[in-house]
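One structure below.
Every chain is numbered from 1 and lettered A, B, ... according to where its sequence line falls, protein lines coming before strand lines. Note that the structure is a prediction, hence the values are computed from the model and not measured.
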4 protein chains.
Amino acid sequence: MRAKSLTEQARRAQIVAAAIEVLAELGYGATSFKQIAARAGLSSTGLISYHFKGKQELVDSVYAEVRRTFTEFVLERMDHSATAAGELRAFLSANLRFLRAHRAHMVALAQVRPHVSAADSADDDHRKMADLLRQGQRRGEFREFDADTVAIFVLALRNGVLARAGDHPEVDLDLCERELITVVELATRRG
Amino acid sequence: MRAKSLTEQARRAQIVAAAIEVLAELGYGATSFKQIAARAGLSSTGLISYHFKGKQELVDSVYAEVRRTFTEFVLERMDHSATAAGELRAFLSANLRFLRAHRAHMVALAQVRPHVSAADSADDDHRKMADLLRQGQRRGEFREFDADTVAIFVLALRNGVLARAGDHPEVDLDLCERELITVVELATRRG
Amino acid sequence: MRAKSLTEQARRAQIVAAAIEVLAELGYGATSFKQIAARAGLSSTGLISYHFKGKQELVDSVYAEVRRTFTEFVLERMDHSATAAGELRAFLSANLRFLRAHRAHMVALAQVRPHVSAADSADDDHRKMADLLRQGQRRGEFREFDADTVAIFVLALRNGVLARAGDHPEVDLDLCERELITVVELATRRG
Amino acid sequence: MRAKSLTEQARRAQIVAAAIEVLAELGYGATSFKQIAARAGLSSTGLISYHFKGKQELVDSVYAEVRRTFTEFVLERMDHSATAAGELRAFLSANLRFLRAHRAHMVALAQVRPHVSAADSADDDHRKMADLLRQGQRRGEFREFDADTVAIFVLALRNGVLARAGDHPEVDLDLCERELITVVELATRRG
DNA sequence: CATGAATGAGCTTTCATTCAT
DNA sequence: CATGAATGAAAGCTCATTCAT
């Protein structure tokens with residue numbers, strides 16, 4: 001894999017950005033090269049094939065880009081010094097803030113996930129969350145529970161809120177954030 | 001809308017059943033009329049178009065059928081006499097049992113949901129859950145929280161568990177059920 | 001592989017026939033579904049894909065059809081009772097007559113052969129010819145030579161004549177036939 | 001047509017050489033500018049279009065180059081002083097040796113021939129061979145036959161052997177050469 | 001001269017849908 | 001009612017070619 005030129009990188013980024021927009025607006029099924037090309041102001045779908053070996057590579061690139069943006073966003077807002085409980089709170093909080101800042105990314109992510117070829121990196125999320133929970137248990141912050149199972153719950157809450165908020169713009173994200181943090185704390189804390 | 005003859009109803013049911021199987025096995029994207037017809041033992045996709053005005057109507061019918069089956073299943077197992085907390089427990093429990101008994105329906109539901117046109121009947125679920133929660137608050141079983149928000153959480157937990165279990169057959173559903181009930185109880189109970 | 005209906009067989013035959021014409025006129029590279037559909041009076045290339053699983057199946061069908069026609073034609077004109085030398089003469093003669101009767105088939109065959117997927121049935125021809133030559137040697141009609149090598153020669157002569165005559169309509173096929181038979185006889189006869 | 005600079009000539013030669021390799025390895029259908037550029041170490045297919053007016057010119061150039069190499073090779077090995085029969089033997093012999101020395105050229109030639117636009121220079125071969133045969137007849141070396149027709153045969157034998165040997169590497173070229181010379185001699189000699 | 005990005009026509013294929021029988 | 005043949009739109013993708021730099 002030889003290095004991409006600057007122009008190439010820029011075009012790829014532009015196409016990925018257009019794809020994200022279209023995915024968020026029309027959903028995966030209606031997202032064709034034609035739509036993406038139109039959105040990106042390209043004169044031909046051939047150009048997309050020129051920059052991406054196939055639809056799969058584009059889909060994977062979209063996924064990677066959204067994850068990159070998301071991870072970066074969350075990491076910047078994580079509270080590394082503190083307790084596991086603190087990290088958990090920061091994680092949830094960052095997720096909701098990301099939704100506010102990049103709603104299209106969030107929706108596109110949901111649309112694209114079932115079609116990503118990469119060994120499912122959702123498993124990554126799961127593993128990291130379970131580790132954080134176990135750490136909190138070792139430190140005595142959290143009660144006894146099966147960390148893998150509760151990790152499913154935490155991520156389910158996150159996903160469910162994002163999905164709901166994606167469909168229902170009227171959801172009050174501030175309220176949601178407070179309640180979410182409360183709920184997770186009640187569900188995990190010791191005693 | 002004139003009444004459907006018995007034959008017609010039977011055919012529709014047969015097609016919907018086949019569609020559910022195919023959706024569960026191949027996913028939405030690979031579910032074509034051809035696949036469904038083959039699965040149903042029909043010799044022509046024309047028959048599907050004959051009985052359903054279009055793909056959308058079939059999709060909606062699949063959704064309706066899965067929901068009907070699901071609702072029926074859950075209702076039979078609800079504990080109506082008891083407390084709101086009891087109902088909540090019964091609801092969660094029934095959901096997991098349904099997954100065990102009708103995994104294909106569950107997977108098909110997930111595949112089909114994003115393409116359903118009907119005014120989202122997920123909203124129905126939400127409303128009912130919120131009502132149940134409010135009832136529990138009035139009775140003093142639950143702590144103070146925003147019922148609409150927590151309804152999102154409860155359903156998110158349910159959906160997340162189902163999704164995870166759909167993809168990862170190794171998940172221990174019994175363990176999952178116990179932890180889920182514990183978590184929801186901790187998160188909602190008074191005091 | 002279930003039986004094809006009569007209509008289906010007819011359509012397939014029609015498409016194959018059109019493909020043969022187009023191949024003969026435009027060559028393999030310019031033979032697209034579009035051209036074939038136009039030639040066959042079809043309103044859509046989709047119909048070709050409907051009747052043939054893919055381009056490869058069509059190509060193979062064309063090859064099979066031409067070979068079938070050809071083999072039938074030649075077999076009818078073979079002199080089975082007689083000597084190996086007689087059979088050889090009859091074979092060559094029949095080949096040239098086929099060219100006169102079905103020039104398009106012949107040209108299409110040449111165009112299509114490199115793209116046929118079937119285990120090369122040109123090897124079949126070769127084996128049969130070598131067997132015939134060996135038989136003639138055992139009977140004392142033919143001189144000693146390496147039958148496999150001379151089989152290559154005989155088929156090469158046949159192919160070369162067909163190719164030349166395909167490109168140069170002015171070739172005198174009667175003269176060609178007489179000379180060809182003479183040459184092969186001189187090259188193979190004992191003494 | 002202004003003279004080509006040295007650089008230009010070199011580039012053209014490089015591209016043609018790469019094209020020959022690709023043609024021999026992948027066949028005509030899979031030989032794209034992209035493949036050729038990659039093989040030649042060029043970073044853009046644009047360069048090919050720059051040096052050749054179109055694909056046709058490249059194809060014709062490949063053909064011309066192979067023919068040039070081939071003719072040169074054969075001419076060097078011809079026995080000019082001798083009889084027509086001797087020249088004929090030398091010609092056949094040289095052909096087989098060329099195949100051994102430059103198999104790729106030979107295969108590329110076969111791939112490219114059907115797509116060459118140039119007034120078929122195969123006719124050249126034919127004319128020369130017919131002349132040689134007539135000369136042999138005048139000198140009393142060869143029997144009476146139609147020289148044009150037998151020229152077709154000789155070239156057909158040559159082509160057929162090359163084609164067969166191209167596809168079947170197990171062919172014994174030494175044996176083939178001896179048999180070929182014998183056959184042609186039997187078929188042409190006087191008495 | 002060489003580069004690499006861009007273009008648009010063309011390809012095969014799949015799909016939901018229609019319609020005569 | 002059911003069948004299977006036919007339709008045409010749309011998809012992803014490849015290709016030779018063009019052009020600004």
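Under 4.0 angstrom from either OP1 or OP2 of dA6(E) there lies no side-chain N or O belonging to S43(A). Taking only side-chain nitrogens and oxygens, H51(D) comes nearer than 4.0 Å to OP1 or OP2 of dA2(E). In this model, the phosphate group of dA5(F) is not approached by any side-chain N or O of R11(C) to a distance below 4.0 Å at OP1 or OP2.
One atom, CD1 of I36(C), and another, C1' of dC11(E), lie 12 Å apart when rounded to the nearest Å. Atom pair L26(A):CG and dA11(F):P shows a separation of 11 Å (rounding to whole Å applied). Atom P of nucleotide dG8(E) and atom CG of L47(A) are separated by 11 Å, given to the nearest angstrom. Between the C1' atom of dA6(E) and the CD atom of Q14(A) lies a distance of 12 Å, rounded to the nearest Å. Distance L6(A) CG to dT21(F) P: 17 Å, rounded to the nearest Å.
At least one side-chain heavy atom of V59(B) sits under 4.5 Å from a side-chain heavy atom of Y28(B). For the pair R39(D)/L26(D), no side-chain contact is recorded, criterion being any heavy-atom separation below 4.5 Å from C-beta on.
With hydrogens and angles ignored, the 3.5 Å screen pairs a side-chain donor or acceptor of Q56(C) with a backbone N or O of H115(C).
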Evaluate side chain to side chain contact (heavy atoms under 4.5 Å, CB included) for L42(A) paired with I15(A), printing each intermediate quantity in order.
CA-CA 9 Å; L42(A) 308 177; I15(A) 292 170; 3.9 Å; yes

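Contact between F33(A) and L58(A) at its shortest, heavy atoms only, is CE1-CD2, 3.9 Å. Nearest heavy-atom pair, A19(C) versus V62(C), reported as atom, atom and distance to 0.1 Å: CB-CG2, 3.8 Å. Heavy-atom minimum distance, R12(A) versus S61(A): NH2-OG, 3.6 Å. In terms of heavy-atom proximity, A40(B) sits nearest to A18(B) at CB-CB, 3.6 Å.
For the residue pair R11(B)/Q14(B), the side-chain donor-acceptor check at 3.5 Å is satisfied.
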List, with names and distances, any nitrogen or oxygen atoms from the protein found under 3.5 Å away from nitrogen or oxygen atoms belonging to nucleotides 13-15 of chain F.
from    : atom 1 : to     : atom 2 : distance (Å)
dC13(F) : OP1    : K55(A) : N      : 3.3
dC13(F) : OP2    : K55(A) : N      : 2.6
dC13(F) : N4     : T45(A) : OG1    : 3.3

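When base pairs are accepted only as Watson-Crick or G-U wobble with both N-N or N-O distances under 3.5 Å, DNA chain E takes part in stems of 3 or more pairs at E:2-21 with F:2-21.
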